[in-house]
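Please read these numbers as outputs of a predicted model, since none were measured by experiment. Residue numbers run from 1 in the order of the sequence given. What's counted below: heavy atoms across the whole structure, side chains too, no hydrogens, waters or symmetry copies.
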Amino acid sequence: MAHAAAHPRASGRIQRLFPYLLFILFIAPNIALLVLFTYRPLVESIRLSFYDWDLISPQKTWVGFENYTDYFADPTSRYIIRNTLVFTAATVGSTMAIGLGLALLLNLRLRGRNAARTVLFAPYVLGGAAIGIIWLFIFDPRFGLVSALLGRLGLPSPNWYNDPNWAMPMVIIVYTWKNLGYATVIYLAGLQTIPRELYEAARVDGAGPWPRFWHVTLPQLSPMTFFLLVTTMLSSMQAFDIISVMTAGGPLDATKTMVYQVYEEAFVRFRVGDASTVATVLFFILLGVTLLQVRFLERRVNYG
């Protein structure tokens, strides 16, 4: 009798534990991959920032916080941080604003809008290196399409490649163009989930197009706006391929961002400690900005 009573209790315990065991079974491969390919390299990068190493020598020299003091004392570092922030702010702002406008347009019942959606999203799935090469020809100051269009307006074409004042706007335009489809599709999906009853109620209350957009559309799109703000900011601050192909950080470091500086320090100058220092600083900037967004912006998101 005791044996028969113990068996149902054991069976019930296994049934209660089964969901947890199933959860661990499914999540374990993901956790293992994250630890192996994300967290372990992150910890290793932070560790290497305290060493002087040329990537070739088997010996690493401990230097403590010397790499960090040298980094923050260098005026070039502050200039590159400013470049990164300017590039991020410009690309995120323009991508989200223009993407919202295009989503509003493509949400209308227009002929050919499905084809337009496909064409608009196509650049997002293309490689950044290929896009950079194509746009190099477009921005050619002598024979490019931009030069031809400006010539028809009677305007001279800037020397996009060699003028520090125009190189950054050039890469901002290209990076924004590449990511427009992504923002447009996210906003378009959000627009199609807004209940029509809200617009009807606003019309009954006498609200015009602009009040309806401001008080109905934007609040209902706040989850998409928050999601795009986080993802596009992280993507822009880590942009590399287009900058590498089009300007290689030049001219005169005008387009050099922190990610490109990491590449240059590690694989051009073979200063792994300095590269890891820049990568660590960038990581904490990204972490801090993301936490601030979650802390102060998510509370304004309307999930209802």
Q: Which value, rounded to the nearest 0.5 Å, describes the distance between Ser157 atom OG and Leu145 atom CG?
A: 10.5 Å
Q: Side chain of Arg212, backbone of Ala207: donor and acceptor closer than 3.5 Å?
A: yes
Q: For atom CZ of Phe65, decide whether the heavy atoms of other residues, nucleotides or ligands shown that lie under 6.0 angstrom number more than 12.
A: no
Q: Quick one: does Arg78's side chain have a donor or acceptor within less than 3.5 Å of a partner on Phe72's backbone?
A: yes
Q: So which of Asn83, Val281, Leu286 actually passes side chain to side chain contact (heavy atoms under 4.5 Å, CB included) with Met258?
A: Val281
Q: As a quick check of understanding, evaluate side chain to side chain contact (heavy atoms under 4.5 Å, CB included) for Asp52 and Lys60, giving each step before the final call.
A: CA-CA 6 Å; Asp52 180 17; Lys60 303 179 183 70; over 6 Å; no
Q: To check you understand the geometry: which heavy-atom pair defines the closest contact between Leu48 and Ser276, and what is its length?
A: CB-OG, 3.5 Å
Q: Kindly determine whether Tyr199 and Thr217 satisfy side chain to side chain donor-acceptor pair (under 3.5 Å), including the steps that lead there.
A: CA-CA 9 Å; Tyr199 292 109; Thr217 304; 2.7 Å; yes
Q: Before giving the answer on side chain to side chain contact (heavy atoms under 4.5 Å, CB included), spell out for Ile172 and Phe87 the whole-Å C-alpha distance, their side-chain angles and the decisive distance to 0.1 Å.
A: CA-CA 6 Å; Ile172 288 173; Phe87 176 83; 3.8 Å; yes
Q: Any donor and acceptor pair, going by atom type alone, linking the side chain of Ser222 with main-chain N or O of Pro219 inside 3.5 Å?
A: yes
Q: Please step through side chain to side chain donor-acceptor pair (under 3.5 Å) for the pair Thr91 and Thr176, ending with a clear verdict.
A: CA-CA 5 Å; Thr91 53; Thr176 300; 5.6 Å; no
Q: Using the ring centroid of each side chain, check whether Phe121 and Tyr124 are separated by less than 6.0 Å.
A: yes
Q: I'd like to know if the side chain of Asp163 and the backbone of Pro158 have a donor-acceptor N/O pair within less than 3.5 Å.
A: no
Q: Output yes when a side-chain donor or acceptor of Asn179 lies under 3.5 Å from a complementary backbone atom of Tyr182, and no otherwise.
A: no
Q: Going hydrophobic residue to hydrophobic residue with side-chain gaps under 4.5 angstrom, can you get from Val259 over to Ile81?
A: yes
Q: Taking all non-hydrogen atoms of both residues into account, name the closest pair between Pro195 and Gln220 and its distance.
A: CD-OE1, 4.4 Å
Q: Indicate, with yes or no, if Phe283 and Leu291 share a hydrophobic cluster defined by side-chain heavy-atom contacts under 4.5 Å among Ile, Leu, Val, Met, Phe, Trp and Tyr.
A: yes
Q: Has the side chain of Thr255 got a donor or acceptor atom that lies under 3.5 Å from a matching backbone atom of Thr247?
A: no
Q: Examine Leu120 and Leu191 and state if one hydrophobic cluster contains both, with Ile, Leu, Val, Met, Phe, Trp and Tyr joined whenever side-chain heavy atoms are less than 4.5 Å apart.
A: no
Q: Of all the heavy-atom pairs spanning Phe26 and Pro29, show the shortest one and how long it is.
A: O-CD, 3.4 Å
Q: Step by step, work out the side chain to side chain contact (heavy atoms under 4.5 Å, CB included) result for Leu282 and Val262.
A: CA-CA 10 Å; Leu282 177 60; Val262 171; 5.5 Å; no
Q: Please determine whether side chain to side chain donor-acceptor pair (under 3.5 Å) holds for the pair Ser49 and Tyr68, giving the CA-CA distance in whole Å, both sets of side-chain angles, and the decisive distance to 0.1 Å.
A: CA-CA 8 Å; Ser49 68; Tyr68 289 94; 2.7 Å; yes
Q: Has the side chain of Ser45 got a donor or acceptor atom that lies under 3.5 Å from a matching backbone atom of Pro41?
A: no
Q: Would you check, one step at a time, whether the test side chain to side chain contact (heavy atoms under 4.5 Å, CB included) holds for Val185 with Arg117?
A: CA-CA 8 Å; Val185 167; Arg117 293 171 183 173; over 6 Å; no
Q: Which atom pair, heavy atoms only, marks the closest approach of Ser77 to Gln261?
A: OG-NE2, 4.3 Å
Q: If you group Ile, Leu, Val, Met, Phe, Trp and Tyr by side-chain heavy-atom gaps below 4.5 Å, do Leu155 and Ile173 land in one group?
A: yes
Q: Could you go through the side chain to side chain donor-acceptor pair (under 3.5 Å) check for Ser236 and Thr88 one step at a time?
A: CA-CA 5 Å; Ser236 294; Thr88 301; 5.4 Å; no
Q: Flag the pair Pro141 / Tyr161 as yes when at least one side-chain heavy-atom distance between them is below 4.5 Å, and no otherwise.
A: yes
Q: When you measure from the side chain of Ser147 to the backbone N and O of Gly144, does any donor-acceptor pair fall under 3.5 Å?
A: no
Q: Check whether any side-chain N or O of Trp53 sits under 3.5 Å from a backbone N or O of Ser57 as a donor-acceptor pair, and report yes or no.
A: yes
Q: Same hydrophobic cluster for Trp177 and Leu106, using side-chain heavy-atom links shorter than 4.5 Å among ILVMFWY?
A: no
Q: Does Trp166, at its CH2 atom, have more than 12 non-hydrogen atoms belonging to other residues, nucleotides or ligands within less than 6.0 Å?
A: no
Q: Among side-chain atoms of Thr225 and Tyr187, is any donor-acceptor pair under 3.5 angstrom?
A: yes
Q: For Phe137, I'd like to know if atom CZ has over 12 heavy atoms of other residues, nucleotides or ligands within 6.0 Å.
A: no
Q: Examine distances only and state if a side-chain atom of Thr118 and a backbone atom of Asn114 form a donor-acceptor pair shorter than 3.5 Å.
A: yes
Q: How about Phe240 and Tyr260: are their ring centroids closer than 6.0 Å?
A: yes
Q: Please find the pair of heavy atoms, one from Leu252 and one from Pro164, that lie closest to each other, and give the distance.
A: CD1-CG, 4.0 Å
Q: Can you confirm whether more than 12 heavy atoms, excluding those of Arg40, are under 6.0 Å from its CZ atom?
A: no
Q: Show the nearest heavy-atom pair for residues Ile80 and Thr257, with the distance to one decimal.
A: CG2-C, 3.5 Å
Q: Tell me, yes or no, whether the heavy-atom count around Tyr39 atom OH, taken from other residues, nucleotides or ligands under 6.0 Å, exceeds 12.
A: no
